[in-house]
Amino acid sequence: MKKGILFFALLVSFVGCRKEETVKTPKKLIDKAVMVNVFYDLALLEASKYQMMSKTEYQKISPKEFIFKKYKIDSAQFSQSNIYYASSIEEYKAMFEQVQKRLQANSDKMDTIIKRKQEKLKLNSKTHSKSRAEKLAQ
């Protein structure tokens, strides 16, 4: 009985220590930096798709097809590379964190631009109102 338990413990530790590659590297693996760019562009295109619902030309464009043409990749290559990177959770998470940082940086830039335009419009409106009031007073 002790030999059985010892054998089982050794077997479990041997199998647990064995490093096994579950997902093989694809022949046409997309570089990690390029995959981050692809994910970023896909996120932008998907978000903009819902902002431009009324544009019939825009609705005809498939974001993935556009990205595939832009990066000169195909759906199989994208799929295989995506599966490969997803097999390493930490690496995949880091890639999406890069995408999220870029999206947030762009969002912050847009917020700043919008705020400046609103302040400019507000200033122009006040200036316009003062001129009108001065004209009426004369």
Is there a side-chain contact between Lys115 and Glu119, using heavy atoms and a 4.5 Å cut-off? yes
Donor-acceptor pair, Ser88 side chain versus Tyr85 backbone, under 3.5 Å? no
Under 4.5 Å side-chain heavy-atom separation, chaining through any Ile, Leu, Val, Met, Phe, Trp or Tyr, what else clusters with Met110? Say none if it is isolated. Ile113
Within residues 100-123 or reaching into it, pairs that qualify as ring-ring contact (aromatic ring centres under 6.0 Å, His included) - sequence neighbours excluded: none
If we only count heavy atoms from C-beta on, is the Phe78 to Met35 side-chain gap below 4.5 Å? yes
Residue pairs passing the salt bridge (Lys or Arg N to Asp or Glu O under 4.0 Å) test with at least one member in residues 77-89, sequence neighbours excluded, are none
Just jot down the salt bridge (charged side-chain N to carboxylate O under 4.0 Å, His left out) partners of Asp41, sequence neighbours excluded, or say none. Lys70
Please check if the side chain of Ser81 supplies one atom and the backbone of Leu29 the other of a donor-acceptor pair under 3.5 Å. no
Can you tell me how far the CG atom of Leu45 sits from the CZ atom of Phe66, to the nearest 0.5 Å? 6.0 Å
Using the test side chain to side chain contact (heavy atoms under 4.5 Å, CB included), find all partners of Ile83 that sit at least two apart in sequence or belong to another chain. Val23, Ser79
NZ-CD1 distance between Lys28 and Ile73, expressed to the nearest 0.5 angstrom: 11.0 Å
Donor-acceptor pairs under 3.5 Å, side chain of residues 90-106 to any protein atom, not counting sequence neighbours: which ones?
from   : atom 1 : to     : atom 2 : distance (Å)
Glu91  : OE2    : Lys32  : NZ     : 3.1
Tyr92  : OH     : Asn82  : OD1    : 2.5
Arg102 : NH1    : Asn37  : OD1    : 2.7
Gln104 : NE2    : Asp108 : OD1    : 2.8
Asn106 : ND2    : Tyr40  : OH     : 2.1

